[in-house]
Colleague: 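The following block contains the structure, expressed as structure tokens.
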Amino acid sequence: MRFRRAQSRRSAERYSALKGIQDILPPDIYIWQRVEETAREIFSAYGFQELRAPIIEATEIFIRSIGETTDIVEKEMYTFSDKAGRSITLRPEGTAPVVRCYVENHLYNLPSPQKFFYSGPMFRYERPQAGRFRQFFQIGVEAFGTSDPKLDAEIFSMLRLFIERLGLKGLNFEVNSIGCEKCRPDYRKALLNFFSGRINGLCPDCKRRYEYNPLRILDCKVDVCIELRKGAPRVMDFLCNECREHFNALLSLLKLLNVPYVINPDMVRGLDYYTRTTFEVTSEQLGAQNAVAAGGRYDRLVEEFGGPPTPAIGFAIGMERLVALLRTPTLNQVQGELRTPAPEIFIATIGAPAEKEGLVIANRLREKGIWVEVGYAGNSLKSQLRRADRLSAGYVLIIGDDEISSGKLKWKRLSDGSQGEILFQEVYDFFFKNLRLIQS
RNA sequence: GUGAGUGUAGCUCAAUGGUUAGAGCACUGGACUGUGGCUCCAGGUGUUGGGGGUUCAAGUCCCCUCACUCACCCCA
């Protein structure tokens with residue numbers, strides 16, 4: 001006996017979700033749903049259509065797009081062999097699968113530009129911390145087929161509208177241009193040249209960065225590096241004429257649309273495929289992982305995947321980070337809308353006949369789409385009312401032997417304690433008039 | 001992969017190395033035989049994350065280990 005209990009206790013405590021992977025439960029899920037609904041609404045208005053790409057792909061797809069020497073590819077991918085020995089990877093980001101889908105389905109034959117959005121989980125094998133998880137959800141958009149800066153402006157302003165529509169204030173919207181395959185090598189060279197004399201003063205990480213990704217030194221948080229990079233050449237000064245024109249056109253369009261922005265010439269993107277426009281939405285409230293959304297142009301990627309030369313641009317929003325901000329009262333202007341929904345009616349019963357009657361009434365109301373809860377397991381009337389109160393139910397219906405014999409049941413409104421009686425068969429009419437009409 | 005911090009009841013947390021490890025919240029019942037919120041009362045079989053050590057004595061000190069958290073790296 002003692003042995004059996006010990007064993008069952010152990011097995012009950014054995015399982016927990018994998019490290020960095022979390023459950024999303026009802027109080028939060030309503031925030032998630034509101035974010036998703038808002039995204040659908042706003043993105044649709046800009047002509048973006050939903051697309052669902054798989055969450056696993058051939059490993060090669062991510063190596064080709066993200067870049068062989070990036071941290072994501074080198075050490076963060078969930079990669080495994082399937083039963084036929086093919087190398088499969090859980091997507092660490094959303095753009096590559098969408099580009100593969102675009103090319104494979106010849107979507108470039110449809111009128112350009114084509115605009116898509118998607119949402120779903122991404123996977124990276126990283127050490128979790130605030131705002132960083134091994135499974136994390138993104139809502140992303142990708143638009144293909146034009147390099148017109150008007151599209152960049154639309155996407156940036158769409159992101160801004162989305163954030164504002166959710167009720168968030170005080171976020172930073174930053175934009176930059178990192179040039180194209182023509183002008184970036186010149187800039188890289190200038191940067192290497194600038195740092196070559198100061199390399200000994202840099203932090204150990206930046207010494208490595210100097211070798212494989214010198215742009216990243218601009219992003220370093222260490223004081224000595226911040227000091228040493230003063231006077232470093234700016235990307236902006238190395239843009240080719242086309243890139244400069246494109247960037248200037250974007251900025252003037254943002255002004256035209258009254259979309260506020262800050263130029264951040266030090267902004268660097270982690271993925272190799274970005275060209276020209278890059279942008280980021282950040283918040284100081286998020287901890288070290290401060291980006292809630294980020295994106296940019298990737299004008300060469302479709303071609304890289306075997307499609308026709310097709311300029312493209314997109315961004316991704318980190319769901320968990322966005323939800324964290326929505327839970328921060330100082331940033332969220334519409335807290336009230338985040339309330340958890342509550343049952344409209346709770347049916348409390350006393351005795352077996354009343355319990356049956358209550359269940360019948362509950363079902364009749366539920367068929368009309370009204371959320372009805374009932375008392376279970378013969379709890380006392382008091383405890384049923386307490387539960388109704390805890391659920392924040394609108395009304396309680398009370399049914400006992402007295403009500404069955406009189407044919408009338410009692411109703412009680414929990415917000416003010418008012419009570420009354422109604423005939424059993426008039427329950428639906430009563431609530432249609434008093435509950436539904438009041439609410440709408 | 002690196003570093004730091006924290007692990008005590010379902011939750012949030014107490015407990016100068018010294019009796020039988022406590023409190024609030026939550027939950028259930030009662031006071032109020034059929035009326036929630038307020039009040040009062042009652043209800044706990046906790047491997048003090050796990051293992052080892054020091055000690056007459058360890059939740060407390062030491063070592064190992066695991067988990068979580070934050071930060072670095074990197075990124076949404």
Side-chain angles (χ1 to χ4, degrees), chain A residues 1-2 5-7 9-10 12-14 16-20 22 66 69-76 91-95 119-140 159 203-206 208-209 213 216 219-222 268-271 279-283 286-295 314-325 346 348-351 354 375 377 379-403 409-419:
Chain A
M1 186 65 196
R2 219 171 67 210
R5 181 189 287 150
Q7 216 179 27
R9 165 181 278 272
R10 205 176 309 137
E13 291 177 2
R14 175 136 49 204
S16 58
L18 298 176
K19 184 198 278 286
Q22 48 180 1
I66 297 167
T69 60
T70 58
D71 276 26
I72 292 178
V73 167
E74 277 183 351
K75 47 194 193 200
E76 295 175 2
R91 64 182 180 195
E93 60 98 39
T95 298
S119 79
M122 310 293 162
F123 303 86
R124 289 181 203 171
Y125 193 85
E126 296 183 274
R127 197 78 168 259
Q129 71 185 73
R132 194 173 71 184
F133 310 95
R134 288 186 174 179
Q135 175 184 261
F136 57 99
F137 285 73
Q138 288 186 339
I139 298 181
L159 179 56
C203 75
D205 284 324
C206 282
R208 279 191 303 117
R209 288 174 179 131
N213 196 348
R216 213 164 263 302
D219 217 22
C220 184
K221 296 164 193 159
V222 177
V268 172
R269 304 274 61 231
L271 311 170
F279 52 94
E280 233 173 58
V281 183
T282 59
S283 166
L286 280 172
Q289 314 303 320
N290 64 352
V292 67
F315 66 73
I317 301 160
M319 271 297 265
E320 289 84 357
R321 295 180 186 179
L322 187 60
V323 169
L325 292 176
F346 186 100
T349 59
I350 306 137
N379 280 342
S380 68
L381 180 62
K382 187 188 203 53
S383 72
Q384 291 183 72
L385 274 158
R386 194 159 38 223
R387 184 163 155 247
D389 188 52
R390 282 213 57 202
L391 294 170
S392 302
Y395 287 77
V396 176
L397 302 187
I398 299 169
I399 308 171
D401 294 341
D402 298 349
E403 286 74 18
L409 53 77
K410 299 212 170 69
W411 61 263
K412 176 168 187 167
R413 186 160 56 204
L414 289 185
S415 55
D416 60 4
S418 60
Q419 307 199 40

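Because only heavy atoms are used, hydrogens play no part in the values below, and waters and symmetry mates are left out as well, while side chains stay in. Keep in mind that what you see is a predicted model, and the values were worked out from it rather than measured. Every chain is numbered from 1 and lettered A, B, ... according to where its sequence line falls, protein lines coming before strand lines.
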Colleague: State whether A:Arg413 places a side-chain N or O below 4.0 Å from either non-bridging phosphate oxygen (OP1 or OP2) of B:G36.
Modeller: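 It does not, given that no N or O in the side chain of A:Arg413 lies less than 4.0 Å from OP1 or OP2 of B:G36.
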
Colleague: Reckon A:Glu93 touches a base, only the sugar-phosphate, or nothing at all at heavy-atom distances under 4.0 Å?
Modeller: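 Since no nucleic acid heavy atom lies under 4.0 Å of A:Glu93, the category is nothing.
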
Colleague: Between atom NZ in A:Lys412 and atom C1' in B:G37, what is the gap in whole Å?
Modeller: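 Those two atoms, NZ and C1', are 10 Å apart.
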
Colleague: If I pick the C1' atom on B:C62 and the same atom on B:C75, what distance separates them, to the nearest angstrom?
Modeller: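 Roughly 39 Å separates the two C1' atoms.
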
Colleague: For B:G7, what is the paired nucleotide under Watson-Crick or G-U wobble rules, both distances under 3.5 Å?
Modeller: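 B:C66 is the nucleotide pairing with B:G7.
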
Colleague: To the nearest Å, how far apart are A:Leu385 CG and B:G36 P?
Modeller: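 Distance, rounded to whole Å: 6 Å.
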
Colleague: Output yes when at least one side-chain N/O atom of A:Ser383 is less than 4.0 Å from OP1 or OP2 of B:G29, else no.
Modeller: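 The answer is yes; a side-chain N or O of A:Ser383 sits under 4.0 Å from OP1 or OP2.
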
Colleague: Nearest-Å distance, CZ (A:Arg390) to P (B:G37)?
Modeller: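 After rounding, the reported distance stands at 12 Å.
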
Colleague: Between A:Gln129 and B:A71, does any side-chain N or O lie under 4.0 Å from OP1 or OP2?
Modeller: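 A:Gln129 to B:A71 OP1/OP2: side-chain N or O found under 4.0 Å.
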
Colleague: Compare side-chain N and O positions of A:Lys382 against OP1 and OP2 of B:G36 and report whether any pair is under 4.0 Å apart.
Modeller: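 It does, given that an N or O in the side chain of A:Lys382 lies less than 4.0 Å from OP1 or OP2 of B:G36.
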
Colleague: Base, sugar-phosphate, or nothing: which does A:Thr70 touch, judged by heavy atoms less than 4.0 Å apart?
Modeller: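 No contact.
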
Colleague: Give none if B:G44 has no partner; otherwise give the nucleotide forming a Watson-Crick or G-U wobble pair with it, both distances under 3.5 Å.
Modeller: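 With both distances under 3.5 Å required, B:G44 matches none.
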
Colleague: Using the C1' atom on both, measure B:U48 against B:G17 and round to a whole Å.
Modeller: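 Here B:U48 and B:G17 have their C1' atoms 15 Å from each other.
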
Colleague: For B:G1, which nucleotide is its Watson-Crick or G-U wobble mate, given both distances must be under 3.5 Å?
Modeller: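 WC or wobble partner is B:C72.
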
Colleague: Once you round it to whole Å, what is the distance between C1' of B:C38 and CG of A:Asp389?
Modeller: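 Interatomic distance, CG of A:Asp389 to C1' of B:C38: 12 Å.
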
Colleague: Considering only NZ, NE, NH1 and NH2 on the basic side and carboxylate oxygens on the acidic side, decide whether A:Arg208 and A:Asp205 come within less than 4.0 Å.
Modeller: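 A salt bridge is present here (some side-chain N lies under 4.0 Å from a carboxylate O).
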
Colleague: Examine distances only and state if a side-chain atom of A:Arg91 and a backbone atom of A:Met122 form a donor-acceptor pair shorter than 3.5 Å.
Modeller: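 Pair absent, no side-chain N/O of A:Arg91 close to backbone of A:Met122.
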
Colleague: Taking B:U12 as the reference, what is the distance to B:A26 when you measure between their C1' atoms (whole Å, please)?
Modeller: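 Result for the C1' pair: 11 Å, nearest Å.
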
Colleague: Heavy atoms under 4.0 Å, any strand shown: does A:Leu271 hit a base, just sugar-phosphate, or nothing?
Modeller: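 Here A:Leu271 touches the backbone only, sparing every base.
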
Colleague: If you look at every heavy atom in A:Val396 and A:Ala348, which pair is closest and at what distance?
Modeller: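 Closest heavy-atom pair between A:Val396 and A:Ala348: CG1-CB, 4.0 Å.
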
Colleague: Please report, rounded to the nearest Å, how far the C1' atom of B:U28 is from the CG atom of A:Leu381.
Modeller: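 The distance from CG of A:Leu381 to C1' of B:U28 comes to 16 Å, rounded to the nearest Å.
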
Colleague: Atom CZ of A:Arg387 and atom P of B:G36: how far apart are they, to the nearest Å?
Modeller: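 In whole Å, B:G36 P lies 16 Å from A:Arg387 CZ.
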
Colleague: Rounded to the nearest 0.5 Å, what's the gap from CG on A:Leu397 to NZ on A:Lys410? Could you check?
Modeller: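 Between atom CG of A:Leu397 and atom NZ of A:Lys410 there are 12.0 Å.
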
Colleague: If the P atom of B:G43 is compared with that of B:G1, how far apart are they to the nearest Å?
Modeller: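 Rounded to whole Å, the distance is 50 Å.
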
Colleague: Which nucleotide wins on minimum distance to the side chain of A:Ala288, given the candidates B:G36, B:A71, B:A76?
Modeller: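 Closest nucleotide among those given: B:A71.
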
Colleague: Return the minimal non-hydrogen interatomic distance between A:Ala393 and A:Phe346, and the atom names on each side.
Modeller: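 Heavy atoms of A:Ala393 and A:Phe346 come nearest at CB-CB, 4.0 Å.
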
Colleague: Let me know the distance between CG of A:Asn290 and C1' of B:C70, rounded to the nearest Å.
Modeller: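 My rounded result for the distance is 15 Å.
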
Colleague: Using both distances under 3.5 Å as the test, list the Watson-Crick or G-U wobble partner of B:G17, or none.
Modeller: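 Base partner found: none.
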
Colleague: So what does A:Phe133 hit on the nucleic acid, given a heavy-atom distance under 4.0 Å: a base, only sugar-phosphate, or nothing?
Modeller: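 Base contact.
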
Colleague: What does B:G37 pair with, Watson-Crick or G-U, if both distances are under 3.5 Å?
Modeller: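 Matched B:G37 with nothing under the 3.5 Å cut-off.
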
Colleague: Has the side chain of A:Gln384 got a donor or acceptor that lies under 3.5 Å from a partner of the other kind on the base of B:U35?
Modeller: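 Looking at the base of B:U35, it does not pair with any donor or acceptor on the side chain of A:Gln384 (distance under 3.5 Å).
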
Colleague: When we call it a touch if two heavy atoms are under 4.0 Å apart, what does A:Arg127 touch: a base, just sugar-phosphate, or nothing?
Modeller: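 Contact class for A:Arg127: base.
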
Colleague: Counting any heavy atom closer than 4.0 Å, what does A:Arg386 reach on the DNA or RNA strands: base, sugar-phosphate only, or nothing?
Modeller: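 Sugar-phosphate: the residue A:Arg386, judged by heavy atoms under 4.0 Å, touches backbone atoms but no base.
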
Colleague: Report the residue (A:Ile398 or A:Asp71) whose heavy-atom-nearest nucleotide on RNA chain B is the more 5′ of the two.
Modeller: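 It is A:Ile398, whose closest nucleotide lies nearer the 5' terminus.
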
Colleague: Within the structure, does a side-chain N or O atom of A:Lys410 lie under 4.0 Å from either OP1 or OP2 of B:G34?
Modeller: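 Looking at the OP1 and OP2 atoms of B:G34, neither is under 4.0 Å from any side-chain N or O of A:Lys410.
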
Colleague: Report yes or no: is there a donor-acceptor pair, N or O only, under 3.5 Å between the side chain of A:Arg321 and the base of B:C75?
Modeller: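 Checked by distance alone, the answer is yes.
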
Colleague: If each of A:Pro128 and A:Val292 is mapped to the nucleotide of RNA chain B with the nearest heavy atom, which maps nearer the 5' terminus, i.e. the 5' end?
Modeller: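 Whichever sits nearer the 5' end wins; that is A:Pro128.
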
Colleague: Please check the phosphate of B:C73 (OP1 and OP2 only) for any side-chain N or O of A:Arg132 closer than 4.0 Å.
Modeller: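 It does not, given that no N or O in the side chain of A:Arg132 lies less than 4.0 Å from OP1 or OP2 of B:C73.
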
Colleague: Work out how far the C1' atom of B:A58 is from that of B:U47, and round it to whole angstrom.
Modeller: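 B:A58 and B:U47 have their C1' atoms separated by 16 Å.
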
Colleague: Tell me if the side-chain of A:Lys75 makes a donor-acceptor pair with the base of B:G1, cut-off 3.5 Å, by modelled atom types.
Modeller: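 Side chain to base: no pair present.
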
Colleague: Do A:Arg124's NZ or CZ and the ring of A:Phe136 fall within the cation-pi criteria of under 6.0 Å and 45°?
Modeller: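 The answer is no, since A:Arg124 fails at least one limit relative to A:Phe136.
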
Colleague: Roughly how many Å apart are B:A14 and B:U60, using the P atom of each and rounding to a whole number?
Modeller: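 These two P atoms come out 16 Å apart once rounded.
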
Colleague: Touch check for A:Ala294, heavy atoms < 4.0 angstrom, all strands: base, sugar-phosphate only, or nothing?
Modeller: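 Counting heavy atoms under 4.0 Å across all strands, the contact made by A:Ala294 is with sugar-phosphate only.
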
Colleague: Which pair of non-hydrogen atoms, one from A:Gly295 and one from A:Arg269, has the smallest distance, and what is that distance?
Modeller: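 Nearest pair, atom of A:Gly295 first, then A:Arg269: O-CD, 3.8 Å.
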
Colleague: How far, in whole Å, is B:A15 from B:U55 if one measures between their P atoms?
Modeller: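 Per the computed distance, 27 Å lies between those P atoms.
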
Colleague: Would you give the length of the straight line joining atom CG of A:Leu271 to atom OG1 of A:Thr70, rounded to the nearest 0.5 angstrom?
Modeller: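 Taking CG in A:Leu271 and OG1 in A:Thr70, the distance rounds to 7.0 Å.
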
Colleague: Nearest whole angstrom, please: distance from the P of B:G1 to the CZ of A:Arg134.
Modeller: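 These atoms are roughly 8 Å apart.
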
Colleague: Give me the distance, rounded to whole Å, that separates B:U6 from B:G18 when you measure between the C1' atoms they each carry.
Modeller: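 26 Å, rounded to whole Å.
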
Colleague: Would you mind checking if A:Arg134 and A:Glu126 are paired as a salt bridge, meaning a charged N to carboxylate O distance below 4.0 Å?
Modeller: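 No, no charged N to carboxylate O under 4.0 Å.
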
Colleague: Mind checking if A:Glu403 touches a base, just sugar-phosphate, or nothing, with heavy atoms under 4.0 Å?
Modeller: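 Here A:Glu403 touches the bases of the nucleic acid.
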
Colleague: Regarding A:Arg216, tell me which of base, sugar-phosphate or nothing describes its non-hydrogen contacts under 4.0 Å with the strands shown.
Modeller: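 Here A:Arg216 touches the backbone only, sparing every base.
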
Colleague: May I ask you to say what A:Gly287 touches in the nucleic acid, namely base, sugar-phosphate or nothing, with a heavy-atom cut-off under 4.0 Å?
Modeller: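 If one applies the 4.0 Å heavy-atom cut-off, A:Gly287 turns out to touch the sugar-phosphate alone, with no base involved.
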
